[in-house]
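Below is one structure; the comments refer to it alone.
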Amino acid sequence: MNITLNGQSEVLTAPCSLYDFLRARNLEPAKVIVEHNGNIIPQSDWSTLLLKEEDHLEVLRFVGGG
């Protein structure tokens with residue numbers, strides 16, 4: 001299954017939830033915002049949102065600094 005993550009193609013070998021996808025990439029759920037096919041997805045929906053062929057994800061990370 002092919003998806004796009006931040007403009008780059010990714011191949012998923014098995015269906016997975018958005019939450020599992022993020023955790024597999026060591027993305028801390030409390031520190032990111034996810035746009036799925038143009039819509040901001042509340043964190044409460046991440047475990048039930050199953051990724052599908054041709055989905056587009058934009059993942060924005062919070063970075064501290066001064």
Check whether any side-chain heavy atom of [X] sits under 4.5 Å from a side-chain heavy atom of [Y], and report yes or no.
X: Ser17; Y: Thr48; result: no
X: Val34; Y: Ile40; result: no
X: Pro29; Y: Tyr19; result: yes
X: Thr4; Y: Glu10; result: no
X: Leu50; Y: Pro15; result: no
X: Leu18; Y: Asp20; result: no
X: Leu60; Y: Asn6; result: no
X: Asn2; Y: Leu12; result: no

Starting at [atom1] of [X], measure out to [atom2] of [Y] and round the result to the nearest 0.5 Å.
X: Asn39; Y: Glu58; atom1: CG; atom2: CD; value: 12.5 Å
X: Glu53; Y: Met1; atom1: CD; atom2: CE; value: 7.0 Å
X: Trp46; Y: Ile41; atom1: CH2; atom2: CD1; value: 10.0 Å
X: Cys16; Y: Ile3; atom1: SG; atom2: CD1; value: 7.0 Å
X: Asp55; Y: His36; atom1: CG; atom2: NE2; value: 3.5 Å

>> Among His56, Glu54, Lys52, exactly one meets side-chain contact (heavy atoms from CB on, under 4.5 Å) together with Asn37. Which residue is that?
In response: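 For Asn37, the side-chain contact (heavy atoms from CB on, under 4.5 Å) test succeeds with only one of His56, Glu54, Lys52, which is His56.
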
> Quick one: is the NZ or CZ of Arg23 closer than 6.0 Å to the six-membered ring centre of Phe21, and within 45° of its axis?
Replying inline: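 Relative to the ring axis of Phe21, which defines the angle, Arg23 lies outside at least one limit.
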
>> Using the rule given for side-chain contact (heavy atoms from CB on, under 4.5 Å), can you reason through Leu27 versus Val59, listing the C-alpha separation, both sets of side-chain angles and the distance that settles it, and then say yes or no?
In response: CA-CA 9 Å; Leu27 294 168; Val59 178; 4.0 Å; yes

